[in-house]
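Side chains included, hydrogens not; waters and symmetry mates left out as well; all remaining heavy atoms used. Order of the sequence lines fixes the chain letters, A, B, ..., with proteins taken first and strands second; residue numbering starts at 1 for each chain.
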There are 2 protein chains.
Amino acid sequence: MTLKNPVIGLLGGGQLGRMLCEAANPLGIDVAILDEDMSPAKQAHNTNRHVTGSFKDPERIRELAGHADVLSVEIEHVDTEVLEEIEKNGVQVKQADGSSRIHTPPVHPSWRTLRLIQDKFLQKEHFRNSDRRIPIADQVAIEPGEAALDSLRDAAARFGFPFMVKARKGSYDGRGNFKVAGEDDFLPAIAALRGLSLYAEKWASFVKELAVMVIRTEDDAGNLKACVAYPAVETIHEDSICTKVFMPPRDVQESVSEAARKLATDVISTLWGRGVFAVEMFLLEDGSLMVNEVAPRPHNSGHYTIEAVPQMSQYKAQIHAVLDLPVPKTLAPRVSSAIMLNILGGATPDAHLALAELARSTFDDDMDVYLHLYNKASKPGRKIGHITVTSNLTIQALEAKVKPFIDLVDNLRRDRLAASAETLRPTQEPAAKSTSAPQPPLSQPSSSAPLVLVTMGSDSDLPVLSAGLAILREFGVPYALDITSAHRTPKRMMQVAAEAAERGIRVIIAAAGGAAHLPGMLSSETPLPVIGVPVKATHLDGVDSLLSIVQMPKGVPTATVGINNSTNAALLAVRILGAFVPEYQEKMRRYQQDMEEQVLAKGDRLREVGDVEYLASKGK
Amino acid sequence: MTLKNPVIGLLGGGQLGRMLCEAANPLGIDVAILDEDMSPAKQAHNTNRHVTGSFKDPERIRELAGHADVLSVEIEHVDTEVLEEIEKNGVQVKQADGSSRIHTPPVHPSWRTLRLIQDKFLQKEHFRNSDRRIPIADQVAIEPGEAALDSLRDAAARFGFPFMVKARKGSYDGRGNFKVAGEDDFLPAIAALRGLSLYAEKWASFVKELAVMVIRTEDDAGNLKACVAYPAVETIHEDSICTKVFMPPRDVQESVSEAARKLATDVISTLWGRGVFAVEMFLLEDGSLMVNEVAPRPHNSGHYTIEAVPQMSQYKAQIHAVLDLPVPKTLAPRVSSAIMLNILGGATPDAHLALAELARSTFDDDMDVYLHLYNKASKPGRKIGHITVTSNLTIQALEAKVKPFIDLVDNLRRDRLAASAETLRPTQEPAAKSTSAPQPPLSQPSSSAPLVLVTMGSDSDLPVLSAGLAILREFGVPYALDITSAHRTPKRMMQVAAEAAERGIRVIIAAAGGAAHLPGMLSSETPLPVIGVPVKATHLDGVDSLLSIVQMPKGVPTATVGINNSTNAALLAVRILGAFVPEYQEKMRRYQQDMEEQVLAKGDRLREVGDVEYLASKGK
């Protein structure tokens with residue numbers, strides 16, 4: 001593109017757009033942003049070409065197109081129909097003399113790429129079926145509606161347990177995923193992901209997650225011009241959010257990193273359009289690589305390039321690529337190692353400030369610390385900034401030096417999780433006994449007051465509980481959520497237990513792993529029935545958790561269910577409620593009949609077709 | 001400062017403010033700018049705290065103060081009275097409830113520092129008289145009005161010839177300077193710098209100009225906390241504008257660079273307030289250093305720090321310093337060498353684009369190229385961007401690699417100088433003979449039509465001509481300016497000569513140096529009298545120029561004056577005009593009488609007081 005003052009029209013003005021603007025400013029490139037006024041990106045770049053509104057609004061997208069020499073996106077969840085229409089038919093632009101002309105800005109990356117990537121199932125089918133034969137996890141589509149159960153059975157027959165059920169569209173950062181450990185998880189999975197288009201994926205047992213950013217350019221006819229990989233990095237996800245990035249990956253041979261880069265360029269070469277792309281992949285136990293998914297835009301795993309590959313950061317590369325300016329043939333880092341730490345909003349709006357202060361005050365001959373704040377309001381768990389540390393030390397030595405930062409990040413997370421319980425609790429619950437403000441009478445629960453309290457020792461137990469929560473929703477049981485660690489928040493746990501009955505709670509479900517003291521300790525402080533869910537933690541397959549819960553001394557019972565079996569814990573809670581509330585008992589009766597009919601039908605079919613055909617039809 | 005979201009109020013929104021904003025954005029720091037809307041800095045940072053108006057308007061400065069936690073400046077030529085008043089008395093800020101409160105933001109660097117630095121003479125007196133005994137050039141104030149001549153004689157007696165006469169205030173980039181080569185330059189110097197407060201400075205014969213940026217912090221009581229120097233750099237000035245910066249300085253021993261850093265911190269430790277400061281100095285022939293002047297803000301010579309000292313660029317340092325955030329104890333570069341090249345507006349608005357394209361398309365394992373455009377409208381000679389190249393090569397090897405960039409920068413300058421003649425010419429002059437647009441009748445000059453054409457071979461001759469131009473203005477002679485190089489723009493020179501008489505020009509003054517062909521060649525193409533001013537160029541003390549002009553063959557005369565003596569060229573032109581225009585003749589007569597009276601008065605005084613007292617009174 002040889003335009004003198006090119007304008008990039010960008011759908012979305014979050015932190016990715018902000019960092020794109022930070023790269024565009026010194027280059028003298030104008031970026032017109034479609035988003036709300038004073039969104040993070042608009043704060044970092046001022047132009048009278050910005051458009052105010054939602055990047056999901058087709059009319060505003062057309063308005064933006066009229067200002068732009070090229071359209072690009074900050075997020076892939078956009079209306080590709082509108083983008084296709086704009087690229088094919090253009091938009092009307094009013095001219096100074098009152099007449100109109102048709103303006104047809106290209107869209108990069110291509111709307112074809114965006115549309116494909118929006119459907120994770122189709123995306124991976126595309127990679128697997130390409131002539132590059134990209135390794136992906138075995139997957140199978142799940143039929144909608146009543147056929148879903150059959151699809152799940154097919155998946156189980158094909159993949160064995162456990163396997164993953166995932167939403168095909170609209171999910172990211174691990175949302176919309178459900179781990180199916182056995183047949184008992186079929187209904188919960190369908191319930192939890194109800195209304196979404198789904199697919200099942202074979203369980204991948206990986207040792208690390210790696211990611212590689214790639215620059216892709218093509219000529220105007222769509223022929224690939226360049227496909228250049230950045231260094232491979234190791235990504236750490238916690239609570240399904242990327243929290244840390246290590247360059248180079250720790251304890252990974254360089255040959256593996258090189259293979260990851262080769263795989264990434266193979267993947268991106270199968271797509272369409274110009275721009276930077278993130279390729280997320282798994283490093284499996286056997287040392288092989290498997291592609292997880294692709295993001296068609298700058299990516300959290302590429303933030304480190306701002307300082308580690310400063311001659312062509314992912315943001316500068318996005319600008320160069322979409323404007324068809326030259327891009328380099330190689331992307332060597334200018335430092336030996338880099339660590340990126342996300343700053344996620346903490347328990348209080350100011351909780352992250354200590355981390356920012358540490359970044360601002362750390363000066364070290366052996367490492368450089370770079371703070372990036374996005375000027376977003378802090379909310380617990382929200383990405384509001386990041387810190388990149390670069391060095392010419394080894395990644396191991398740098399990790400040791402960066403420990404005070406990592407500790408602060410981890411503390412921030414711990415405090416946030418403890419506090420997030422507060423926000424999860426319904427408003428009827430008193431914040432604390434010491435509160436002097438008048439409280440509503442708690443002994444008379446309203447129709448929306450919780451009857452079941454579901455609590456856990458750590459938010460890492462929440463995925464295990466989700467099947468049970470789906471059951472509670474299915475039965476229309478109002479419940480409250482909490483995190484009450486017996487060991488990290490003992491006083492609070494005791495208080496919650498002591499107050500539960502007063503609040504109108506009738507049953508407590510408590511999940512915990514390892515030395516799982518939570519259910520028993522709650523039981524010692526409440527007169528209510530406590531159901532314990534042993535969670536399979538790091539070691540011993542959950543047996544430690546099971547014994548810690550079930551082996552309570554005489555006088556202090558816990559109703560213990562199977563390891564990870566929150567479904568049964570919820571059904572038990574419904575039964576307890578049903579003992580006094582006729583509606584719940586009636587619902588439970590219908591639920592049991594349905595199960596019976598399903599199993600009877602299976603028996604009918606097995607008798608009818610015999611074992612060979614039965615198994616064959618499940619395996620297809 | 002422990003404010004959560006601190007706001008820096010900045011007077012001025014040019015490129016320095018823009019790069020400050022580029023550093024502030026990732027830090028999540030808000031910068032409220034007082035300048036016109038969409039000034040370069042406002043484009044790179046959007047906030048509803050910006051103030052629209054001039055940074056010289058006291059009312060707007062007070063408005064800005066109301067928005068700011070600290071006030072700072074992008075340029076030192078500001079109203080320090082207002083800043084002093086704000087720091088002492090504060091400003092009224094309306095509150096949500098309609099009441100007012102007094103808000104008293106500190107000013108950094110201190111208004112004391114700004115006020116001192118505004119007067120170059122006092123600034124250097126301060127440095128010399130400080131306990132650090134900073135080496136500066138010998139200097140003496142020049143009395144205003146009629147006593148000025150005596151002051152100049154005093155300076156000559158003290159310093160010998162040549163010496164410099166400089167404006168004490170409001171000048172930068174070499175403007176407001178006059179080189180006095182002998183007694184004949186006294187009146188021209190006074191005429192050229194008329195109305196300005198002046199000082200005389202001993203001639204410094206330097207081999208290089210060096211510069212060092214320094215971070216200065218202090219506690220709230222004004223006690224120095226830190227004074228930290230960046231690496232020393234070599235600065236190249238052309239046409240009195242910084243064009244190139246080399247880190248480290250070429251062919252300078254490291255001990256000298258270290259001495260420069262020590263000197264710079266000594267200088268800045270004598271000032272007041274927080275911020276970054278540039279110390280410009282001369283490296284003299286004997287290897288010693290002498291301070292030239294200080295800029296109390298980020299500086300062109302520090303642009304290279306953005307990439308070469310990325311952990312704490314001068315802009316990030318300015319933010320940290322004025323907000324009293326921590327600053328590092330050392331400022332080591334992260335590369336071995338860096339070269340900064342200014343992008344100055346070229347002959348046409350697009351002329352610099354080739355340089356930008358080269359920067360955008362150069363990818364090299366041995367060097368990294370960073371483009372910075374300020375999004376200012378391109379005007380010839382205007383600073384509209386810069387390029388920094390960093391490397392781990394030696395500075396010599398990097399300079400060799402960067403040659404294509406330096407060549408383009410130099411070509412841009414050459415073309416700009418050739419073309420700048422166009423913009424200097426009055427509008428009455430036709431742009432070129434080929435122009436098809438109708439032209440006003442040129443043979444009937446209006447009262448504002450030029451009678452004298454003053455032209456030169458290079459804009460480097462302009463300082464020599466300025467004394468003569470002052471004479472022309474003093475006599476009320478309308479004149480036109482041009483640059484017509486005999487060797488670089490020969491066709492244009494011939495055309496200008498051929499058309500001069502038709503335009504109504506009566507006399508041509510032409511200045512040239514070296515093989516100074518311009519006056520003679522003009523003479524060969526015009527019937528008008530041509531006065532040649534030999535300019536002392538690089539070699540031979542101007543004798544080459546003199547002979548090239550005066551030794552014309554028979555038949556083609558040039559009226560040659562003394563070397564660099566444009567005063568006499570102008571007086572000669574006035575006499576030629578006076579031969580036909582009575583008013584000019586009458587003015588010339590009065591001018592001659594004044595001179596006579598001055599010299600007679602001197603003779604009177606000398607006879608009266610004797611040589612000893614006469615010389616003594618001059619030397620005081």
Report which part of [X] has an atom under 4.5 Å of a heavy atom belonging to chain A: side chain, backbone, both, or neither.
| X | result |
| --- | --- |
| Thr330(B) | side chain |
| Asp365(B) | both |
| Met312(B) | side chain |
| Lys329(B) | neither |
| Leu353(B) | side chain |

Point to revise | Region of His386(A) in contact with chain B, defined by heavy-atom distances below 4.5 Å | key: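 Contact with chain B: none, neither part.
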Check your understanding: Would you say the side-chain atoms of Arg360(B) pair up with the backbone N or O of Val327(A), donor to acceptor, closer than 3.5 Å?
Key ->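 Such a contact is absent between Arg360(B) side chain and Val327(A) backbone.
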Point to revise | Arg18(A) (side chain) donor-acceptor with Asn25(B) (main chain) under 3.5 angstrom | key: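 It does hold such a pair.
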Say you draw a straight line from [atom1] of [X] to [atom2] of [Y]; how long is it, rounded to the nearest 0.5 Å?
| X | Y | atom1 | atom2 | value |
| --- | --- | --- | --- | --- |
| Glu357(B) | Leu325(A) | CD | CG | 6.5 Å |
| Tyr370(B) | Leu27(A) | OH | CG | 12.0 Å |
| His45(B) | Cys21(A) | NE2 | SG | 13.0 Å |

Review point. How about residues 28-43 of chain A versus chain B: which residues have heavy atoms under 4.5 Å apart?
Key: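 Near chain B, by residue number: Gly28(A), Ile29(A), Met38(A), Lys42(A), Gln43(A).
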Point to revise | Contacts of residues 332-351 of chain A with chain B (heavy atom under 4.5 Å) | key: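 From residues 332-351 of chain A, the residues near chain B are Arg334(A), Pro349(A), Asp350(A).
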Point to revise | Options Leu371(A), Asn46(A), Leu373(A), ranked by heavy-atom pairs under 4.5 Å with chain B, top entry | key: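 Among the listed options, the one with the most contacts to chain B is Asn46(A).
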Review point. So which of Pro310(A), Ala356(A), Ala24(A), Ser361(A) has the biggest tally of heavy-atom pairs under 4.5 Å with chain B?
Key: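 Heavy-atom pairs under 4.5 Å are most numerous for Pro310(A).
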Exercise for review: Please tell me if the side chains of Pro26(A) and Glu22(B) come closer than 4.5 Å, counting only heavy atoms from C-beta onward.
Suggested key: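 When only atoms from C-beta onward are counted, Glu22(B) and Pro26(A) do touch, with a gap below 4.5 Å.
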Point to revise | Enclosure of Lys225(B) NZ (heavy-atom neighbours >12, cutoff 6.0 Å) | key: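 Count over threshold, so yes.
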Practice item. Flag the one option from Gly385(B), Ala359(B), Ala44(B) with the top tally of heavy-atom pairs under 4.5 Å to chain A. Key: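 It is Ala44(B).
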